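Have a look at the structure below, then the notes.
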Amino acid sequence: MKTKLQNNIAITVIRVIAGLVVLILAFLLGDILISGVPHISWHFLTAASQAFTSGGGIGVQLFNSIYLLLLTLIISFPISLGAGIFLSEYAPKNMFTATVRMAIEVLSSLPSVVVGLFGFLLFVVQMGMGFSILSGAIALTFFNLPLLTRNIEESLRSVPDLQREAGLALGLSKWKTVTKIILPEALPGIITGVVLGAGRVFGEAAALIYTAGQSATNIDFGNWNPFNTTSPLNLMRPAETLAVHIWKINSEGVMPDAAAVSAGSSAVLIIAVLIFNFSARLIGNQVYRKLTATK
C-alpha cells in the first residue's frame with residue numbers, strides 16, 4: 001500500500017509540473033497574442049516602418065527575416081547534412097571524431113550574442129562585408145549548424161541497422177545504401193528538424209544586431225537585380241529583421257504608436273514560430289506516411 005501511494009504521489013507531482021509548464025507557455029503566448037493581434041492588418045504587414053511618425057508597418061523587416069532564413073538554410077543545410085552523414089555512418093571512434101563532436105557541443109552552447117560579436121569582428125570588420133544580409137546569414141549559419149547537425153545525425157541513427165544490412169546484402173555500396181535507403185527513411189525526422197531550426201533562426205536577434213545591422217534601408221520591390229543596391233535580393237545591404245525591429249522599438253523607439261507596433265510585431269513573430277512548429281509536425285507526419293505507406 002505504501003509503494004502504491006508513493007507511486008500515485010509521484011505521478012501526480014509529474015502531472016502538476018507538466019501542467020504548470022503548459023500554463024506558463026499559454027500565459028506568455030496568450031498575453032502577447034491578445035495584446036498584439038488587434039494591431040495586425042494587411043497594411044501593417046506590408047507597409048514600411050516609420051521612425052518618427054505613426055502608421056508604420058513591418059513589411060521590409062518581415063521580408064528581411066524570410067530572406068535571411070532562406071539564405072541561412074541554403075548555407076547551413078548542406079554542411080549539416082554532410083556532417084550528420086559522416087558522424088552517423090562513417091566516423092570511426094578516434095580523436096578526430098571526438099574533436100568534431102566536442103566542437104559541435106561547444107558551438108551549440110555559445111550564447112548568440114557571442115556568435116554575433118564574432119561575426120562582427122570577422123565578417124563586418126576584417127573581411128569588409130559591413131552590416132549586410134550576407135554577414136547575418138553566415139553568423140546564423142554558425143548559430144544553426146550544431147542543432148541541425150545533431151538532428152540529422154540522430155535521425156540517421158534512428159534508422160534500424162537491419163535497413164543497412166539489407167542494402168549491403170543486395171550488393172549496394174555504403175554510399176548507395178546511405179543515399180537510397182537510410183536517407184529516405186530518416187527524411188521525416190530531418191525535415192522536422194529543419195523546420196524547427198528555421199523557427200529558432202527566424203526569431204534570433206542578438207547575433208543579427210552586430211552583423212545584419214539595425215537599419216531597414218529603403219528597397220525597391222520592383223527591382224530584383226541582386227547587384228543593385230536598392231534590390232531586395234542585394235546581399236550586401238543592411239537588413240533589420242523582425243526580431244531586431246522589436247528590440248529596437250522597445251529600446252529606442254520614439255514614434256507615437258511604438259507600443260502598438262511592438263505588440264503587433266511580437267504577435268507576428270510568435271505566430272510565425274508557431275506555424276514553423278506545427279508545420280514541422282504536419283510535414284514530418286505526411287512524409288512518414290508517404291514513405292512508409294501507413295495510414
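Predicted, not measured: the structure shown is a model, and the values here were computed from it.
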(message) For the backbone of Leu242 and the side chain of Ser65, can you confirm whether one donor and one acceptor N or O come within less than 3.5 Å of each other?
(response) yes
(request) Could you grab the distance from atom CG of Asn277 to atom CG of Leu282, nearest 0.5 Å is fine? (result) 12.5 Å
(message) Side chains of Leu156 and Leu183, heavy atoms from C-beta outward: is any pair under 4.5 Å?
(response) yes
(request) May I have the step-by-step check of side chain to side chain donor-acceptor pair (under 3.5 Å) for Thr97 and Asn94, ending in yes or no? (result) CA-CA 6 Å; Thr97 303; Asn94 54 25; 3.1 Å; yes
(message) Is there a side-chain contact between Phe202 and Ile66 in this structure, where contact means two heavy atoms from C-beta onward sitting under 4.5 Å apart?
(response) yes
(message) Quick one: does any side-chain atom of Ser265 pair with a main-chain N or O of Val261 as donor and acceptor, under 3.5 Å?
(response) yes
(message) Let me check something: do Leu147 and Val195 share a hydrophobic cluster, defined by ILVMFWY side-chain heavy atoms less than 4.5 Å apart, either directly or through other members?
(response) no
(message) Working note: Phe77 + Ile152, criterion side chain to side chain contact (heavy atoms under 4.5 Å, CB included); need CA distance, chi angles, decisive distance, verdict.
(response) CA-CA 10 Å; Phe77 180 73; Ile152 293 174; 4.2 Å; yes
(message) Closer than 4.0 angstrom, basic N to acidic O: yes or no for Glu89 and Arg157?
(response) no
(request) Show your reasoning for whether salt bridge (Lys or Arg N to Asp or Glu O under 4.0 Å) applies to Arg164 and Glu185. (result) CA-CA 11 Å; Arg164 296 172 175 84; Glu185 182 71 17; over 6 Å; no
(request) Please work out which of the three classes, parallel, tilted or perpendicular, describes the rings of Phe123 and Phe142, given edges at 30° and 60°. (result) parallel
(message) With a 4.5 Å cut-off on side-chain heavy-atom distances among I, L, V, M, F, W and Y, is there a chain of contacts connecting Ile74 to Ile138?
(response) no
(message) Applying side chain to side chain donor-acceptor pair (under 3.5 Å) to Ser262 and Asn250, what does each step give before you reach the verdict?
(response) CA-CA 7 Å; Ser262 175; Asn250 284 281; 2.8 Å; yes
(request) Please confirm whether the backbone N or O of Ile58 pairs with a side-chain atom of Ser49, one donor and one acceptor, at under 3.5 Å? (result) no
(request) List the steps and the verdict of side chain to side chain donor-acceptor pair (under 3.5 Å) for Asn223 and Thr230. (result) CA-CA 7 Å; Asn223 179 13; Thr230 62; 3.3 Å; yes
(request) For Val114 and Leu110, work out which heavy atoms get closest and say how close. (result) CG1-CD2, 4.5 Å
(request) Check whether any side-chain N or O of Tyr210 sits under 3.5 Å from a backbone N or O of Gly119 as a donor-acceptor pair, and report yes or no. (result) no
(message) Does any part of the side chain of Pro226, heavy atoms only, come nearer than 4.5 Å to the side chain of Asn234, both counted from C-beta?
(response) no
(message) Applying side chain to side chain donor-acceptor pair (under 3.5 Å) to Gln61 and Glu240, what does each step give before you reach the verdict?
(response) CA-CA 6 Å; Gln61 287 80 7; Glu240 180 187 57; 2.8 Å; yes
(request) Taking the side chain as every heavy atom from C-beta outward, state whether Pro232 and Tyr67 have any pair of such atoms under 4.5 Å apart. (result) no
(request) May I ask you to check whether Thr229 and Arg237 show a side-chain donor-acceptor distance below 3.5 Å? (result) no
(request) With the side chain counted from C-beta on, respond yes when Leu87 and Glu153 share a heavy-atom pair under 4.5 Å apart, and no when they do not. (result) yes
(request) Spell out, as yes or no, whether a donor-acceptor pair under 3.5 Å connects the side chain of Ser88 to the backbone of Ile85. (result) no
(request) Please answer whether the main-chain N or O of Glu105 pairs with a side-chain N or O of Ser108 as donor and acceptor at a distance below 3.5 Å. (result) yes
(request) For Ser251 and Lys248, indicate whether the former's side chain and the latter's backbone hold a donor-acceptor pair under 3.5 Å. (result) yes
(message) Less than 4.5 Å apart, side chain to side chain, heavy atoms only: is that true for Phe44 and Ser41?
(response) yes
(request) May I ask you to test the Ile271-Leu33 pair for a side-chain heavy-atom distance under 4.5 Å? (result) yes
(message) Measuring from atom CG of Leu172 to atom CD1 of Ile181, what distance do you get when rounded to the nearest 0.5 angstrom?
(response) 5.5 Å
(request) Please say whether the positively charged group of Arg200, taken as NZ for Lys or CZ for Arg, lies over the ring of Phe143, i.e. under 6.0 angstrom from the six-membered ring centre and within 45 degrees of the axis. (result) yes
(request) Compare every heavy atom of Thr211 with every heavy atom of Ser135, then report the nearest pair and how far apart it is. (result) CB-O, 3.7 Å
(request) Over all heavy atoms of both residues, which pair between Leu71 and Ala137 is shortest? Give the atoms and the distance, please. (result) CB-CB, 3.9 Å
(request) Decide yes or no for Val21 and Leu25: does some side-chain heavy atom of the first lie under 4.5 Å from some side-chain heavy atom of the second? (result) no
(request) Begin from the C-alpha positions of Phe63 and Phe221 and carry the test ring-ring contact (aromatic ring centres under 6.0 Å, His included) through to its verdict. (result) CA-CA 10 Å; Phe63 175 83; Phe221 284 99; 5.3 Å; yes
(message) Assigning hydrophobic clusters by single linkage (Ile, Leu, Val, Met, Phe, Trp, Tyr; side-chain heavy-atom cutoff under 4.5 Å), is Leu62 placed with Val273?
(response) no
(request) Indicate, with yes or no, if the rings of Phe86 and Tyr90 have centres closer together than 6.0 Å. (result) no
(request) State which residues pass salt bridge (Lys or Arg N to Asp or Glu O under 4.0 Å) with Glu204; sequence neighbours excluded, sorted by chain then number. (result) none
Please table the atom pairs, donor to acceptor, closer than 3.5 Å between any side-chain atom in residues 9-17 and protein atoms at least two apart or in another chain.
residue : atom : partner : partner atom : Å
Thr12   : OG1  : Asn8    : O            : 2.7

(request) Would you check if the side chain of Asn64 reaches a backbone N or O of Ala239 as a donor-acceptor pair within less than 3.5 Å? (result) no
(request) Kindly work out whether a path of hydrophobic side-chain contacts (I/L/V/M/F/W/Y, heavy atoms less than 4.5 Å apart) joins Leu208 to Leu134. (result) yes
(message) Tell me whether Leu196 shares a hydrophobic cluster with Leu73, the cluster being built from Ile, Leu, Val, Met, Phe, Trp, Tyr side chains joined at under 4.5 Å.
(response) no
(message) Using a 3.5 Å distance criterion without hydrogens, assess whether the side chain of Ser231 forms a donor-acceptor pair with backbone atoms of Asn225.
(response) yes
